[in-house]
Structures are given as structure tokens and as C-alpha cells.
Chemist: 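Below are the C-alpha cells for one structure; questions will follow.
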Amino acid sequence: MLLKNRVAIVTGASKGIGKSIALGMAKEGAHLIVNYNTDREGAEKVAREIKKYGQEAVAIQADISRGEAVKNMVKLAKEKFARIDILVNNAGLMLEKYLFRLSDEEWQRCMDININGAYFCSRACLLQMLRQQYGKIINITSLSGVIGNAGHTAYGASKAALIGFTKSLAKEVARKNINVNAIAPGYIGTGMSRNFIRQDKGLLDKIIPAGRIGKAEEVAQLAVFLASEQAGYIHGQVINIDGGITL
Amino acid sequence: MFGFKGKGILIVNCLPRIAQALAGIFAEEKAKVFMLYPAQDGGYGKEILAAPEAKGLEISLLERPLSSLALFKRAISEIKQASKNIDILINYVPTPKVNMRAAGAGQLAGLPFEPDFPLFHNCLNAVAPLMLKKARGRMVNVAGIAIREYLHYMAIRNEVASVTKTLGRELARKNIYMNAALLGLLEGEDYSQAMPRYLEILSLNLPAQRPAKLEEVTGPILFLASDKAGYLFGESLKVDGGLSA
């Protein structure tokens, strides 16, 4: 098992890519904190499923855009498991709107969740990781943060910020045996991008070299690899998992 | 663990320590493993096969002339007779062990800059048709360390990354996964001749502040060679301790 007895926090793990990552890590032996904001039922279902694999799991509510809520979540996690080995900053808000239609509040909410959320969670977990001299932080960014996308000005900007965050933090903590990397998924068949994919399916099939949309499980396997010892020498990288679309 | 059972695996021109470790893991998972080296670089045999043989693992080592595409195809055809398929190719581009620091263009003249791109390209040309015929396969291109001041290192790394991007896109629709692992400093290797400044680089520019352990290099190559690397096409995974971050 690649992650035997490791303790992982996955934000936004009640559904979609976050759920798949949480389950993928549990299958490899990790205990999980399944973070959610509003979908309590979904998160508890994921936690129950993880327990079937023989791992411990707890669903914890926290709005990651609020620093105090994140601190409480991390405190509860430490009380329960005494350590935090892996943090997956997955929770995100996808906003599809042209810039001239975007309100200030929408822009701010996108930034609050997608970049400030990663900042609050990383900072709260980092102290424990530094004490342990071990940690893996995986940020889920996006194709939109790498190559941009019309209608994704706020979303793309927040995800591009997450890439800068990843590279800088990686350089800060690499010598402390903490790996910080990012995954940039392309079109993945999950709830967040389902509408977008449905509208553009014909076009997507043409523009994706692989000729298909990705699966959340495929993103999860990459996250499991990055969280494992095998990826111990990978720091500050952004790995595009997009069927070759960014080539 | 990686699901290599029964697969035909070809490792070409790989740094012996890495080849040995990879071949051992592939063979332990009951894959059919072939290692191919250009004949003029002979003498690898004992060094590479010693550890796997000690564990009772079966690995075939071939040292053949590989200086042209025709010769490469002949070697591949020989391997194909022994194994029905070549499902996975690990195509390594070695870095010449000479100091070629280029401070200015004037210094480039007369330098023995001959990276083995033909061998790298011929290998892809010889193996790709087999995979295209089966409409499946995985290719992992591997390049050694690259540091800005060392021209030949950067040239090799960029070539591998570019070929991986371009061919990765072409082959994606045919269910063939091509990705690359771009490596950094490796524990136990001697860089003093090729990169006299490597200790300075290590202390000033390398976020990890240490070279990679062997398993930290083989791990990413094995991941890219496995079905666990789904939906990754044309990616160059930089396994370099954050040097290129």
C-alpha cells in the first residue's frame, strides 16, 4: 500500500474529483478527513465508504474561505489522528461568466474559495507538517489556470494564482521534506464541469487529442502517486492531466 | 503493485543503476523484460544483470549495433520474436559526461556536442509501428539532469520534452501514452567531471537541497509506465527536486 497509515485531509471531498481522491487514498491505506461545506450527506457517505476499506474517516464541515473555520477543522483532525501527512486543496468554485457580466462579489467569492481557501488550509496544516518534517500538499488547479479559457477570467485567474502559490511554497519547504505540487485537470466528467462538457461535447472530442473526457478516478490515481514516497523528489510541479489538450 | 504482469517491456540505453532497479521491479511483477544497449558501449551486461539474477529474475540483455534505423528495427524484430508484444518502452537519453559549460557563443566552437538523438529517435521510430498496430502501448522517455549553464544537458532535456509533447499528441488518439520523466541529480552519481559547479548548484538553486534517491527516480518512471497514469499524454514530469519549478 502506497499510503499506509498516512493521514490525509481532502477539501471538497463530498463529490466529484475530491471524492475520488479521498477514496483513492483510502484504498492505498490512508485515513481521511473528508471536508465539506454544505453537502453533509455526501461527505458522510464518502466517510462510510472509506470505512469499508478498513480505514478511519471523519467528515468535517468547514467553509475553507474562512480562516477560523479551517483552523478548527485542522484542530479536530489533529485531535483525532495526531498528525497530518497529506493535504489536498481540492475544493473549488467554478464560475463561467464573461468578465463584463461578472459582479465584484462573484469575483471575490471565486478568489476566496479557490486561492484563499488553499492558503488558509496550507498554512494551518504546514505547522504540523514542519514539526513532523514530512508532508505532501497537492493543489488541484485547472486547465484554465494554465492556458486560460473564455468565460473563465475569475476562475482562471484564481487557478493561475494557485500555480504561483504552489511553486513558491514548494521552494519554501522542499528542504523540510515537504512536497508541494499541483494537478491541472482538463475536462473531467464530474458535476462541476458537466454542464460545460455537455454543451461542448462534440467540440471537446475534436480538441482533446485523447479523443475522450477524463475520469475523476484518473485524477485520483495521479494524486495518490504524488502523495506517495515515490514522488519524494518532485517539488513545485504542475502536472497537466487533460488528455493532451495543453500540448 | 503496478500491474505489469505478462507485459513485454523494453528498456533502451538506460543508465545501468536505473535500468537494473527498473528491470528488477518489472521482472518481479512477471513482465517480460528486455534491455537493449548499443554494442559499442558493451560491458554493461554483468553490472546490470547481477542483482536481478541474484534474485532469480529473468531479464534479457541485448547489445546490438544500433547506429541506424534499419539496425534498430532488426534488434526490435529479434525482441519481438522472443516476446509477442512490446507494451511498454522506456527510452533513455544519456547525458555525455563532459563539461560543456557555455558562457558565450564563442565557447561553443569545437566542443564535442554529439548527444545521441538519432538513437532516441530511431528507437521511437522502430517501436511506434508495433504499438500502433496493436492500438495500445506506453512510452516513457527519460532524460537526465538539466542545468541552465550546461548547454548539452539543456539541449537533451528540451529535445526529449519537445518530442514527447509532439508525438504524445499524435499518438494519443491511437491509445498510446507517451510521457517523459526529466530527472535531476541522482544520489551516488559522480558529477564532478561533467559539472564541476554541481555542489554550488546544489546549495544555491536546488529547493530539495539533496540529490534524489534511486527509488525516487524509478518510482515516477514506473508510474508513467503503468496504467495508473491514465489521461496523461505528452507530459514531462520533472523529477528534479524543484530545480525547474
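Below, chain A is the first sequence line, B the second, and so on; all start at residue 1.
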Chemist: Checking side chain to side chain contact (heavy atoms under 4.5 Å, CB included) against A/Ile137, which of A/Ile9, A/Thr166, A/Leu126 comes through?
Modeler: A/Leu126
Chemist: Using a strict 4.0 Å threshold on nitrogen-to-oxygen distance, state whether B/Glu189 and B/Arg17 make a salt bridge.
Modeler: yes
Chemist: Looking only at heavy atoms and a cut-off of under 4.5 Å, which of B/Val217, B/Leu171, B/Leu206, B/Leu232 has the most pairs with chain A?
Modeler: B/Leu232
Chemist: Name, in order of residue number, those residues of residues 223-231 of chain A that have a heavy atom at a distance of less than 4.5 Å from a heavy atom in chain B; otherwise write 'none'.
Modeler: A/Phe225, A/Glu229, A/Gln230
Chemist: Do B/Tyr177 and B/Phe233 have ring centres separated by under 6.0 Å?
Modeler: yes
Chemist: For B/Arg136, enumerate each residue passing the salt bridge (Lys or Arg N to Asp or Glu O under 4.0 Å) test, keeping only those at least two apart in sequence or located in another chain.
Modeler: B/Asp87
Chemist: Under a 4.5 Å heavy-atom cut-off, does chain B meet the side chain of A/Val219, its backbone, both or neither?
Modeler: neither
Chemist: Within 45 degrees of the ring normal and closer than 6.0 Å to the centroid, is that where the cationic atom of B/Lys228 sits relative to B/Phe2?
Modeler: yes
Chemist: Sub-3.5 Å donor-acceptor pair from the side chain of B/Thr166 to the main-chain atoms of B/Val163, do we have one?
Modeler: no
Chemist: Heavy atoms only, distances under 4.5 angstrom: which of A/Glu217, A/Met1, A/Glu218 has the most pairs with chain B? Name it, please.
Modeler: A/Glu218
Chemist: Please determine, among A/Ala210, A/Ser168, A/Ala170, the option with the most heavy-atom pairs under 4.5 Å with chain B.
Modeler: A/Ala210
Chemist: Between the main-chain N or O of B/Met178 and the side-chain N or O of B/Arg138, is there a donor-acceptor pair closer than 3.5 Å?
Modeler: no
Chemist: Are A/Ile33 and A/Val10 close enough that some pair of their side-chain heavy atoms sits under 4.5 Å apart?
Modeler: no
Chemist: Of the listed residues (A/Gln237, A/Lys167, A/Lys171), which shares the most heavy-atom pairs with chain B below a 4.5 Å separation?
Modeler: A/Gln237
Chemist: Can you list everything that forms a salt bridge (Lys or Arg N to Asp or Glu O under 4.0 Å) with B/Arg210? Sequence neighbours excluded, please.
Modeler: B/Glu216
Chemist: With distance as the sole test, does A/Asn90 use its side chain to make a donor-acceptor pair with the main-chain N or O of A/Gly12 at under 3.5 Å?
Modeler: yes
Chemist: Any side-chain to backbone donor/acceptor pair from A/Gln132 onto A/Ile84? Under 3.5 Å, distance only.
Modeler: yes
Chemist: With distance as the sole test, does B/Arg173 use its side chain to make a donor-acceptor pair with the main-chain N or O of A/Ile208 at under 3.5 Å?
Modeler: yes
Chemist: Please work out which of the three classes, parallel, tilted or perpendicular, describes the rings of B/Phe117 and B/His121, given edges at 30° and 60°.
Modeler: parallel
Chemist: Contact part of B/Asp227 toward chain A, heavy-atom cut-off under 4.5 Å: side chain, backbone, both or neither?
Modeler: backbone
Chemist: If you count heavy-atom pairs within less than 4.5 Å of chain A, which of B/Pro211, B/Ala229, B/Ser236, B/Ser244 leads?
Modeler: B/Pro211
Chemist: How would you list, in number order, the residues of residues 172-180 of chain A that have a heavy atom less than 4.5 Å from chain B?
Modeler: A/Ala174, A/Arg175
